[in-house]
Amino acid sequence: MKKTLKILLLTLFLIFAISMLSNVKGASASIKASKNPASVGDNVTINININAASWNLKASGTGVKGGTYVGFTPNLNNESKTEKLTLDTSTTGSKTIILSGDITDESGATTQVNTSVTVVVNEKKQTNNNSKASDTTLSSVTIDGENYKLNSTKTVPADKTSVVIKATTSNSKAKVAGTGTKELMPGTNKFTLTVTAENGTKRNVAVTIFREEGPASTPEPTPTPDENAELRLTSLEVVGAVLSPFFDEGIFEYTTSVVNLDLVQVNAIANIEDANIEIIGNTDLIEGENVITIKLTKDERETEYQITVTKIAEVVSNPDDKQEENESFFGSTKGKMVLGLVIVVLIIAIIIVIFKIKSDDDDYDKPSRRSRKEAKRRASYDDFD
């Protein structure tokens, strides 16, 4: 019977150990393409799948605008998330995107990541030769909402400095380029609309507009983005902490503090959309000061922001604070109630002791009283004799 019981207990222990080990999940990161191979003009998405408690990854390569992905889950358990990049398929060739960095699972184990995906972009196949697939006709062209007759000239007054050209294709799968707002110079202005059929056939359509010459108001200059603008951050935050001073794109150094954190999540947004943002030094924090660098790069331009993060290992209490806490406790309502209860208990204890002493005295006097009664009784007998 004892041997059977031992075997049963050992079996249950093994089952428990296996179940505990099976619950430990490792971190993973992968990169895949939504379509491979692809054709010129196809919509291809690069999916970055992450399953980890924290991650510090970077994606870069041919045909994509690289991205940096840094973060961690609130409870430091493995969670899944997906980041997406759009692949440029306007040209043929092999396009390789590399995912590198490191990931950490919920047990604290860190894994280096270095994986890639290669998408082959081929020429678009001409599989449909019917008339609809090769249709490049336009069903309508409008200038400022008015219909425009092809192969004609539209005349506008001298004070008309710009127009909006719109076009609709006969085949909904065909595409047209060259529409939108157009600036007009005095005299003849020619614009070209390019129609691309479903099978890739292209056709150019001319739109001619004549702007009359004469006095005209000076047009307001159209603001254009400064390609040489300085790189700046428009937003910067450390999750769970407060920056000092408050963020301003013209301030490049900040300080903050955290308690018992080995890494912090830094969120940053640049003023130029395709600028590369690299976060350096936000993991493996040590006790004391840690410098985190946010590096922005675009072409030949480069800007850096720095955050000095002070890691506090633990909060040490002050003995003077404890003394003040005790004094404030007995001065509070709750402290007074506790003190009153102690006094009542002491009074009850004293009363019990007094009654105990009195009871012992009574027990001691009882034999004396009995002796006096016995002597009195004997004396009465002697008188009788």
inquiry  = Counting only heavy atoms not in Glu212 (residues, nucleotides, ligands), do more than 12 fall under 6.0 Å from its CD?
reply    = yes

key: CG-OG1 distance between Asp105 and Thr110, expressed to the nearest 0.5 angstrom   = 7.5 Å

ask   = Is any side-chain heavy atom of Val205 less than 4.5 Å from a side-chain heavy atom of Val141?
value = no

key: Under 3.5 Å donor-acceptor, Arg211 side chain and Gly187 backbone   = no

query = With hydrophobic residues grouped by side-chain heavy-atom distances under 4.5 Å, do Ile343 and Ile351 end up in a single group?
reply = yes

Taking every non-hydrogen atom, the tightest pair across Glu278 and Thr68 = CA-OG1, 4.2 Å

query = Going by atom types alone, do Ser100 and Asn114 pair a side-chain donor with an acceptor below 3.5 Å?
reply = no

key: Pairs touching residues 26-35 that satisfy side chain to side chain donor-acceptor pair (under 3.5 Å), sequence neighbours left out   = Lys35-Asp42

Test item: Val70 and Val266 side chains (from C-beta on) under 4.5 Å apart, heavy atoms = no

ask   = In Å, rounded to the nearest 0.5 Å, how long is the span from OG of Ser39 to CD of Glu123?
value = 9.0 Å

message = I'd like to check Arg232 versus Thr303 (side-chain heavy atoms, cut-off strictly below 4.5 Å). Are they in contact?
response = yes

key: Leu184 and Thr161, any side-chain heavy atoms less than 4.5 Å apart   = no

task = Could you identify which residues cluster with Met185, counting Ile, Leu, Val, Met, Phe, Trp and Tyr as linked when any side-chain heavy atoms lie under 4.5 Å apart, either directly or through a chain of such contacts?
result = none

ask   = Is it true that the side chains of Ser139 and Ser170 contain a donor and an acceptor less than 3.5 Å apart?
value = no

query = Is it true that Ile98 and Val117 fall in one hydrophobic cluster, defined by side-chain heavy atoms closer than 4.5 Å?
reply = no

query = Is Lys311 paired with Asp262 through a side-chain N to carboxylate O contact shorter than 4.0 Å?
reply = yes

query = Counting only heavy atoms not in Lys182, do more than 12 sit closer than 6.0 Å to its NZ atom?
reply = yes

task = Over all heavy atoms of both residues, which pair between Ala59 and Leu85 is shortest? Give the atoms and the distance, please.
result = CB-CD1, 3.8 Å

Steps toward side chain to side chain contact (heavy atoms under 4.5 Å, CB included) verdict (Leu193, Thr179) = CA-CA 7 Å; Leu193 306 181; Thr179 57; 4.0 Å; yes

inquiry  = What's the separation between atom CD1 in Ile103 and atom CG in Asn56, rounded to the nearest 0.5 Å?
reply    = 11.5 Å

Side chains of Trp55 and Val113 in contact at under 4.5 Å (non-hydrogen atoms) = no

request  = Could you tell me whether Asn43 atom CG has more than 12 heavy atoms of other residues or ligands within 6.0 Å of it?
outcome  = no

request  = Please test Thr73 against Asn78 for side chain to side chain contact (heavy atoms under 4.5 Å, CB included), starting from the C-alpha separation and ending with a verdict.
outcome  = CA-CA 7 Å; Thr73 60; Asn78 287 358; over 6 Å; no

query = Can you list the steps and then say if Thr308 with Glu253 is a side chain to side chain contact (heavy atoms under 4.5 Å, CB included)?
reply = CA-CA 8 Å; Thr308 300; Glu253 294 183 357; over 6 Å; no

request  = Run the numbers on Thr181 and Val164 for side chain to side chain contact (heavy atoms under 4.5 Å, CB included), then give the verdict.
outcome  = CA-CA 4 Å; Thr181 302; Val164 177; 3.7 Å; yes

key: Heavy-atom neighbours of Asn151 CG exceed 12 at 6.0 Å   = no

task = Looking only at non-hydrogen atoms, find the nearest pair between Ile277 and Ala270 and report the distance.
result = CD1-N, 3.8 Å

query = Per the side chain to side chain contact (heavy atoms under 4.5 Å, CB included) rule, which among Ile269, Asn271, Ile294, Ile251 passes with Leu233?
reply = Ile294

message = A side-chain contact here means heavy atoms from C-beta on lying under 4.5 Å apart; do Ile307 and Leu236 qualify?
response = yes

ask   = Quick one: OH on Tyr148 to NZ on Lys154, what's the gap to the nearest 0.5 Å?
value = 10.0 Å

key: Flag, side chain of Asn290 to backbone of Asn282, donor-acceptor distance under 3.5 Å   = no

inquiry  = If hydrophobic clusters are built by linking Ile, Leu, Val, Met, Phe, Trp and Tyr wherever their side-chain heavy atoms come under 4.5 Å apart, do Ile143 and Val176 end up in the same one?
reply    = yes

message = So Lys295 and Glu302, do their side chains get closer than 4.5 Å, heavy atoms only?
response = yes

key: Pairing residues for Asp144 by the salt bridge (Lys or Arg N to Asp or Glu O under 4.0 Å) criterion, not counting sequence neighbours   = Lys160

note = With Lys84 as partner, the option from Thr45, Ile48, Ile46 fulfilling side chain to side chain contact (heavy atoms under 4.5 Å, CB included) is Thr45

inquiry  = Is the ring pair Phe247/Tyr305 parallel, tilted or perpendicular, if the boundaries are 30 and 60 degrees?
reply    = tilted

ask   = Is there a donor-acceptor contact under 3.5 Å linking the side chains of Thr118 and Thr96?
value = yes

task = Please report the shortest heavy-atom distance between Leu263 and Thr283, naming the atom on each side.
result = CB-CA, 3.8 Å

inquiry  = I'd like to check Glu198 versus Asp135 (side-chain heavy atoms, cut-off strictly below 4.5 Å). Are they in contact?
reply    = no

ask   = Taking atom CD1 of Ile279 and atom CD1 of Ile292, what is their separation to the nearest 0.5 Å?
value = 8.5 Å

request  = Could you tell me which non-hydrogen atom of Gly26 sits nearest to which non-hydrogen atom of Asn51, and how far apart they are?
outcome  = O-OD1, 4.1 Å

query = Are the side chain of Arg301 and the backbone of Leu231 linked by a donor-acceptor contact shorter than 3.5 Å?
reply = no

request  = Find the distance between CD (Glu79) and CZ (Phe72) and round it off to the nearest 0.5 Å.
outcome  = 11.5 Å

